[in-house]
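In what follows, a single structure is set out as structure tokens and then discussed.
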2 protein chains.
Amino acid sequence: MANVAKYNRDDVIHKAMLLFWEKGYNSTSTRDLQQAIDMRPGSIYAAFGSKEQLYREALVCYSQGMAEMLGQRIVSAGSPLGGLEAFFRNVVIDQCDTNPSEVCMLVKTLTEVSDDHPELMELSRELLKRTEDRFADILQQAKDGGEIAKHANPRILARHLQVQMIGLRIYMKTSRNPDSLSEQISTIFANIKR
Amino acid sequence: MANVAKYNRDDVIHKAMLLFWEKGYNSTSTRDLQQAIDMRPGSIYAAFGSKEQLYREALVCYSQGMAEMLGQRIVSAGSPLGGLEAFFRNVVIDQCDTNPSEVCMLVKTLTEVSDDHPELMELSRELLKRTEDRFADILQQAKDGGEIAKHANPRILARHLQVQMIGLRIYMKTSRNPDSLSEQISTIFANIKR
DNA sequence: TTTTAACTTGAACATGTGTTCAAAATCAAA
DNA sequence: TTTGATTTTGAACACATGTTCAAGTTAAAA
């Protein structure tokens with residue numbers, strides 16, 4: 001046995017995630033990364049293999065963080081649908097200034113890389129799909145709890161919410177008008193309850 | 001007086017636009033461009049100044065193309081709202097396979113470049129705003145023509161449509177499920193008519 | 001204290017990048 | 001045909017990029 005890793009793997013991935021989320025895959029150079037995570041090229045490549053593999057881990061880290069936050073909002077709100085709406089408000093409006101980017105990191109990945117790095121695209125797709133599945137589960141619970149109509153279709157509503165989430169976050173980057181977006185979120189969830 | 005430009009400026013910008021739209025700003029090298037528009041570095045820089053300026057012209061070209069298409073759909077459909085819906089279906093579903101990317105080029109620009117190239121971001125914002133204004137005009141005509149309710153607010157509806165358009169196009173890239181997206185578009189416009 | 005296997009370092013490499021510029025080619029006017 | 005301003009060409013430049021690897025450092029085990 002010998003030296004065990006000096007760095008904290010999760011911490012490093014988190015820091016890399018923040019930088020990747022801000023600047024995107026191509027605009028983040030390995031030099032930028034070296035500085036952000038305070039590791040030298042050799043160590044980075046020994047630990048992660050390549051820039052792309054580190055990015056993959058960063059994507060998963062991002063996705064997990066979002067999923068945890070959604071869970072917390074549901075607990076705080078005390079109801080599935082209330083939690084979802086709080087989550088929307090948090091992501092689209094409250095956190096959009098403190099986050100590295102207004103736009104979802106999975107969406108940024110999907111729009112930036114395409115032919116090159118097909119694995120990054122596939123992973124982003126997969127993680128987005130998981131998010132939608134999670135939305136559907138939550139909406140099913142809302143249906144079971146009587147928060148939404150008996151005839152509502154959780155899968156269709158989940159897809160609808162996914163489109164809203166993606167669209168709203170990008171729109172926020174365009175317009176910087178939190179008040180109108182807050183109203184839009186209210187309308188979206190009012191329509192779901194009907 | 002001497003030689004006049006050999007190349008067709010609009011044609012060159014259009015070709016550059018298609019490549020930029022497909023690959024994004026950073027992933028399109030000037031070598032790629034040289035091949036696509038069949039011009040040598042010196043000519044390109046004499047004609048456009050820099051890669052960024054050529055991209056700016058490409059953005060405007062893209063935006064004009066979309067605006068023209070919207071106009072055509074309105075004429076074909078014979079009504080403002082019908083034209084808008086046809087435009088949505090065309091962009092999100094029909095053309096998404098033949099276009100260089102499923103995603104709006106303005107949105108791609110906005111999510112890819114940020115701190116670097118602030119002028120590209122500002123131009124994308126401006127062009128997106130113009131699109132929304134156009135939507136609002138069309139919706140006002142729909143209101144005047146009795147296609148939508150008297151109490152409807154064209155500005156709010158235009159914002160809503162913009163979010164849908166952005167979200168749907170990215171969702172199409174994620175899921176590749178045209179049938180469900182077609183239903184979603186039907187629902188969106190059914191709700192507007194109410 | 002010495003050994004040893006794992007980890008860390010940073011200079012170096014090969015390639016790709018946006019851009020420049022002197023030389024060559026072009027063609028309307030003289 | 002000659003002139004001459006303009007356009008085109010492509011080699012070259014300076015720098016940035018992802019990645020490698022031999023040498024150095026570390027600390028647990030012997």
Side-chain angles (χ1 to χ4, degrees), chain A residues 1-13 15-17 19-59 108-109 112-121 123, chain B residues 1-13 15-17 19-59 108-109 112-121 123:
Chain A
M1 218 56 54
N3 219 356
V4 96
K6 292 270 187 51
Y7 61 91
N8 178 338
R9 200 167 214 277
D10 289 348
D11 185 49
V12 160
I13 292 173
K15 280 176 181 160
M17 180 273 279
L19 190 67
F20 274 134
W21 187 5
E22 182 192 340
K23 306 182 56 131
Y25 182 76
N26 286 305
S27 295
T28 304
S29 73
T30 49
R31 265 78 169 169
D32 293 337
L33 278 171
Q34 287 166 38
Q35 208 186 0
I37 68 181
D38 192 29
M39 285 175 79
R40 260 40 64 194
S43 296
I44 297 177
Y45 279 78
F48 300 103
S50 70
K51 181 185 171 186
E52 181 174 334
Q53 281 186 60
L54 175 53
Y55 193 86
R56 278 214 284 275
E57 302 231 37
L59 278 180
K108 281 189 83 166
T109 308
E112 185 190 350
V113 309
S114 36
D115 294 335
D116 29 302
H117 312 288
E119 294 180 25
L120 291 185
M121 235 182 75
L123 180 55
Chain B
M1 221 57 52
N3 218 356
V4 96
K6 291 269 187 55
Y7 62 90
N8 177 339
R9 198 166 217 276
D10 289 347
D11 185 48
V12 161
I13 292 174
K15 281 176 181 160
M17 180 273 280
L19 190 67
F20 274 135
W21 186 6
E22 182 192 342
K23 308 182 54 131
Y25 182 77
N26 287 306
S27 294
T28 304
S29 73
T30 50
R31 265 79 170 169
D32 293 337
L33 278 170
Q34 286 165 40
Q35 208 186 1
I37 69 181
D38 192 29
M39 286 174 78
R40 263 39 65 196
S43 297
I44 297 177
Y45 279 79
F48 300 103
S50 69
K51 182 185 171 185
E52 181 174 335
Q53 280 186 60
L54 175 52
Y55 193 86
R56 278 213 284 274
E57 303 230 37
L59 278 180
K108 280 189 84 165
T109 308
E112 186 190 349
V113 309
S114 36
D115 294 334
D116 30 302
H117 312 289
E119 292 180 26
L120 292 185
M121 236 184 73
L123 179 55

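Letters go in sequence order (proteins before strands), and every chain restarts at 1.
A donor-acceptor contact closer than 3.5 angstrom links the side chains of B/Thr109 and B/Tyr55.
Looking only at distances, a side-chain donor or acceptor of B/Glu112 sits under 3.5 Å from a matching main-chain atom of B/Asn26. Checked by atom type and distance alone, the side chain of B/Thr28 pairs as donor or acceptor with a backbone atom of B/Gly24 at under 3.5 Å.
An angle of 20°, rounded to 10°, separates the two end axes of the helix from C/dT1-D/dA30 to C/dA30-D/dT1, each defined over five pairs.
We find that CD of A/Gln53 is positioned 15 Å from P of D/dG18, with the value rounded to whole Å. Protein atom CG of A/Leu120 is 15 Å distant from nucleotide atom C1' of D/dG18, rounded to whole Å. For the pair A/Glu52 CD and D/dG18 C1', the computed distance is 12 Å after rounding to whole Å. Remark: P of C/dT17 and CG of B/Asp116 are 17 Å apart, rounded to the nearest angstrom. Counting to the nearest Å, the P atom of C/dC21 and the CD1 atom of B/Ile44 are 17 Å from each other. Atom P of nucleotide D/dT19 and atom NZ of A/Lys51 are separated by 8 Å, given to the nearest angstrom.
Closest non-hydrogen pair, B/Val113 versus B/Leu120, comes out as CG2-CB, 4.1 Å. Of all heavy-atom pairs spanning A/Ser114 and A/Met121, the tightest one is CA-SD, 3.5 Å. Smallest separation of non-hydrogen atoms from B/Glu52 and B/Glu119: OE2-CB, 3.9 Å.
Atom CD of B/Gln53 has more than 12 heavy atoms from other residues, nucleotides or ligands within 6.0 Å.
The pair A/Arg9-A/Glu57 meets the salt-bridge criterion, since a charged nitrogen lies less than 4.0 angstrom from a carboxylate oxygen.
The cationic group of A/Lys51 does not satisfy the cation-pi geometry with A/Tyr45, failing either the under 6.0 Å distance to the six-membered ring centre or the 45° limit from the ring axis.
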Enumerate the protein-to-nucleotides 20-24 of chain D contacts in which both atoms are nitrogen or oxygen and the separation is below 3.5 Å.
none

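Rounding to the nearest 0.5 angstrom, the gap separating the OG atom in B/Ser29 from the CG atom in B/Leu19 is 8.5 Å.
Contacts of A/Thr30 with the nucleic acid, taken as non-hydrogen atoms under 4.0 Å apart, include base atoms. A/Ser27 comes within 4.0 angstrom of no nucleic acid atom, judged by non-hydrogen atoms across all strands.
Residues from residues 31-40 of chain B placing a heavy atom under 4.0 Å of any atom in DNA chain D, listed by number, are B/Arg31, B/Arg40.
Looking at heavy atoms from C-beta onward, A/Asp10 lies out of side-chain contact with A/Val12 at the 4.5 angstrom threshold.
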